[in-house]
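Below, chain A is the first sequence line, B the second, and so on; all start at residue 1. The shown structure was predicted, so the numbers you read here are calculated from the model rather than taken from an experiment.
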Amino acid sequence: MKVLCVAEKPAIAKAVAFILGGGRVSTRETKVGWIKNYDFDFDFPQFGSCQVTMTAVTGHITTIDFPENYGWGKCDNASLFTAPLLTKYNGKNSTNIAKNITDEAARSNVLMIWTDCDREGEFIGYEIMEQARKRNPNIGLDTTHRAHFSHLERSHVIHAACNTTRLDSKAIDAVMTRMELDLRTGSSFTRFLTDLFRKSLKLDGVVSYGGCQFPTLGFVVDRYKRIKSFKPEEFWYLNLSIKKKSDRSKTGTSVTWSRGHLFDRLAGLSIYQRCLEMDAEEATVVSVETKPTSNWAPLPLTTVEMQKDCARIFKFSAKQTLAIAEKLYNSGFISYPRTETDRFPRKMELKKLIEKQQQSSSWGQYASSLLNDPTKYRQPREGSHDDKAHPPIHPVIFTSGDSLNMNERKVYEYIVRRFLACCSKDATGLRTSIKLKWGTESFSTSGLVVKELNYLEVYIYNSWESSKTKIPEVNPGEKVTLTSAQLSSGKTSAPSPLTEPELIALMDVNGIGTDATIAEHIEKIIERSYVTKEDQGRGKSKTKVLIPTELGYALAEGFGQIGFDSMSLTKPFLRKNLEVKLKAICDGESSKEQVLHEIGSMYREAYALTSRSPRILTESYQKVLASNA
DNA sequence: GCAAGGTC
């Protein structure tokens, strides 16, 4: 028997081949430099002793498009909602990648899919099968084997090889549905918008619509509008400071009013006067409580967390961070950088990874202490996300960083420190809380004493410090002197423009894009001149913020005025709705045809509305220009 | 010249 195994990426093919081949693997080159064919023997319980070839693709092999006669300007845009679709190779290497599969499959009896165990992986498996059956008619959905694995631990991989199932046709249908809807809606609206803004407003460049681009823009515009419409409000609060009676110093400890802020000055004033009348000199300690507290070590690292942190710590864009992480991955220094998983598989040998970091002159000692001191190490916390395809991001081998540039070194160091931190105990401290009563009002203050830094010793990006000003040592029932008691006022301040980490977080929770694409969508709306990135603040507090351009603002406002059942294209609901329906397909609760019809007709209606009243969009733009003039 | 999803 001859078995052809195909993985989603070359690194997986190599790793699986060397595990199954037990080290006896011969390598053949292909026409595509980075893809190799690995030959070895393996005993599958399903087929007995087999000759195996393991190879890979690099993600999707094919993509969908419209036929020639539906090109830009050659047809009515609305016809794109019903136009026929064709499948074509995705980029110039795909032809050779596909041919390698076809050739190898022609000489094999069995096809076994080793793509990532997620929705897209299932579809890539289907694409591989389609190439394989071209010269091997025995291969089909009901004969193709599917290995299920989520990491590359040896016994897990062998178990996957021996316990194959079939490709999941529901997941394949869900991906087909997504692809078709994205293409039809994206092309129709993009052609319409581009032509409209070119003709009536002489605007250059492409004005694109994409189901992820627009909600991303919407988040930026939303924040901008909140800032624009912000009106500061005055508020009042009791501003109280106290000190122990025996304390001779003049300064007191400021305590926080339980009512927070009052927006009614007279109400504040009457409370203030009542308290003054009751006691203008002292307040009473109600309770003093000292409790152990902890500052939690971080969860295992996901792509989105890495991007948010690198933006916060190093001011890198999400795209820059991912590009650097990809380079570190391709050099073998870190694990696969695109993952949603924030829990390590229980069986994974984390201590072996820590061992490799002992040679570092910066964090090596800490790594050693985790291994040698049993009170230091702990199994990482487990988050609630698991993409069933990749483990959390972690360092694979140590590098001194000699072959890396400065930014690559920073990201590598961050990934190592994050990994060591999540294998560490939480930081611990003692928090003392004091509750006081002055007149009718309650106040509180608290102080922190850090006891053990633990993970913070290695995770230098977070700080948790003992309170600078010591809180007074008082007892319940004790009277304390008021060093000041005033009714103070302040003004609410406007929200800040959206930062990239905030945008990433919004996209993540609203299901806009994936770990691999969030950075691209942000980049895309900048490239389209819908938003710009601007520096805000100076020195250490300098951050980059996202501001909508006139065009971006006008698009969001214009589409907001066109009511599609209150489902504006710039809001995340439509995309979320699509995701929910795709999941329904995967769960067998809906079908490809049903979802294509439901969502497709919604977009067709939206397109009809928009194309019937193009002036809403152009006038929205002119209005923005006029108001900024 | 259009989308979003993989990956190099």
Q.
Without decimals, in angstroms, what is the distance between A:I525 CD1 and B:dA4 P?
A. 11 Å
Q: Using only side-chain N and O atoms of A:R338, determine if any of them is under 4.0 Å from OP1 or OP2 of B:dT7.
A: yes
Q. At under 4.0 Å between heavy atoms, what does A:T190 touch on the DNA or RNA strands: base, sugar-phosphate, or nothing?
A. sugar-phosphate
(Q) Whether the side chain of A:S208 and the base of B:dC2 hold a donor-acceptor pair under 3.5 Å is what I'd like checked. (A) no
(Q) Using a 4.0 Å heavy-atom cut-off, does A:T63 contact any base of the nucleic acid, only the sugar-phosphate backbone, or nothing at all? (A) base
(Q) Mind checking if A:I97 touches a base, just sugar-phosphate, or nothing, with heavy atoms under 4.0 Å? (A) nothing
Q.
One thing to verify: whether A:R28 and A:E104 come together as a salt bridge, which I'm taking to mean a side-chain N less than 4.0 angstrom from a carboxylate O.
A. yes
Q. Counting any heavy atom closer than 4.0 Å, what does A:Y329 reach on the DNA or RNA strands: base, sugar-phosphate only, or nothing?
A. sugar-phosphate
Q.
Is the positively charged end of A:K524 above the ring of A:Y530, judged by distance under 6.0 angstrom from the centroid and angle within 45° of the axis?
A. no
Q: Mind calculating the distance between CG (A:L181) and C1' (B:dC2) to the nearest angstrom?
A: 16 Å
Q: Could you check whether A:N77 gets within reach of a base, just the sugar-phosphate, or nothing at all, counting any heavy atom under 4.0 Å?
A: nothing
Q) Is it true that A:E68 and A:K74 have a side-chain N and a carboxylate O under 4.0 angstrom from each other? A) yes
Q: Give one of base, sugar-phosphate or nothing for A:Q213, where a contact means two heavy atoms less than 4.0 Å apart.
A: sugar-phosphate
Q: May I ask you to verify if any side-chain N or O of A:H521 is less than 4.0 angstrom from the OP1 or OP2 atom of B:dA3?
A: no
Q: Name the orientation class of the two ring planes belonging to A:F559 and A:Y209 (parallel below 30°, tilted from 30 to 60°, perpendicular beyond 60°).
A: tilted
Q.
Looking at A:E605 and A:M602, would you say the former's side chain and the latter's main chain have a donor-acceptor pair under 3.5 Å?
A. no
**Q.** Closest to side chain of A:T517, choosing from B:dG1, B:dG5, B:dC2
**A.** B:dG5
Q.
side chain to side chain donor-acceptor pair (under 3.5 Å), that's the test. Do A:S187 and A:T190 meet it? Break it down for me.
A. CA-CA 5 Å; A:S187 314; A:T190 300; over 6 Å; no
Q.
Taking the nucleotide of DNA chain B with the nearest heavy atom to each, does A:S187 or A:A516 sit closer to the 5' end?
A. A:S187
Q: Report which part of the nucleic acid A:N90 touches: base, sugar-phosphate, or nothing (heavy-atom distance under 4.0 Å, all strands).
A: base
Q: Please determine, for the side chain of A:D182, which listed nucleotide (B:dA3, B:dT7, B:dG1) has the closest atom?
A: B:dA3
Q.
By the 4.0 Å heavy-atom rule, please label A:G513 as base, sugar-phosphate, or nothing.
A. sugar-phosphate
Q | Pairwise 5' ranking along DNA chain B for A:D515 and A:G71, keeping only the more 5' one | A | A:G71
Q | Distance in angstrom units between A:R575 CZ and B:dA3 P, rounded | A | 12 Å
Q) How long is the line joining CG of A:L574 and P of B:dA3, in whole Å? A) 17 Å
Q: Rounded to the nearest angstrom, tell me the gap between atom CZ in A:R528 and atom C1' in B:dA3.
A: 10 Å
Q: Quick one: label A:R178 by what it contacts on the DNA or RNA (base, sugar-phosphate, nothing), any heavy atom closer than 4.0 Å.
A: base
Q. B:dA3 P sits how many Å from A:E180 CD, rounded?
A. 17 Å
Q: Nearest whole angstrom, please: distance from the C1' of B:dG5 to the CD of A:E120.
A: 5 Å
Q.
Do A:T115 and A:R146 make a side-chain contact, defined as non-hydrogen atoms from C-beta onward lying under 4.5 Å apart?
A. yes
Q) Taking only side-chain nitrogens and oxygens of A:Y336, does any of them come within less than 4.0 Å of OP1 or OP2 of B:dT7? A) yes
(Q) Regarding A:Y209, tell me which of base, sugar-phosphate or nothing describes its non-hydrogen contacts under 4.0 Å with the strands shown. (A) sugar-phosphate
Q. Whole-Å distance between B:dG5 P and A:M179 CE?
A. 12 Å
Q. When we call it a touch if two heavy atoms are under 4.0 Å apart, what does A:T514 touch: a base, just sugar-phosphate, or nothing?
A. sugar-phosphate
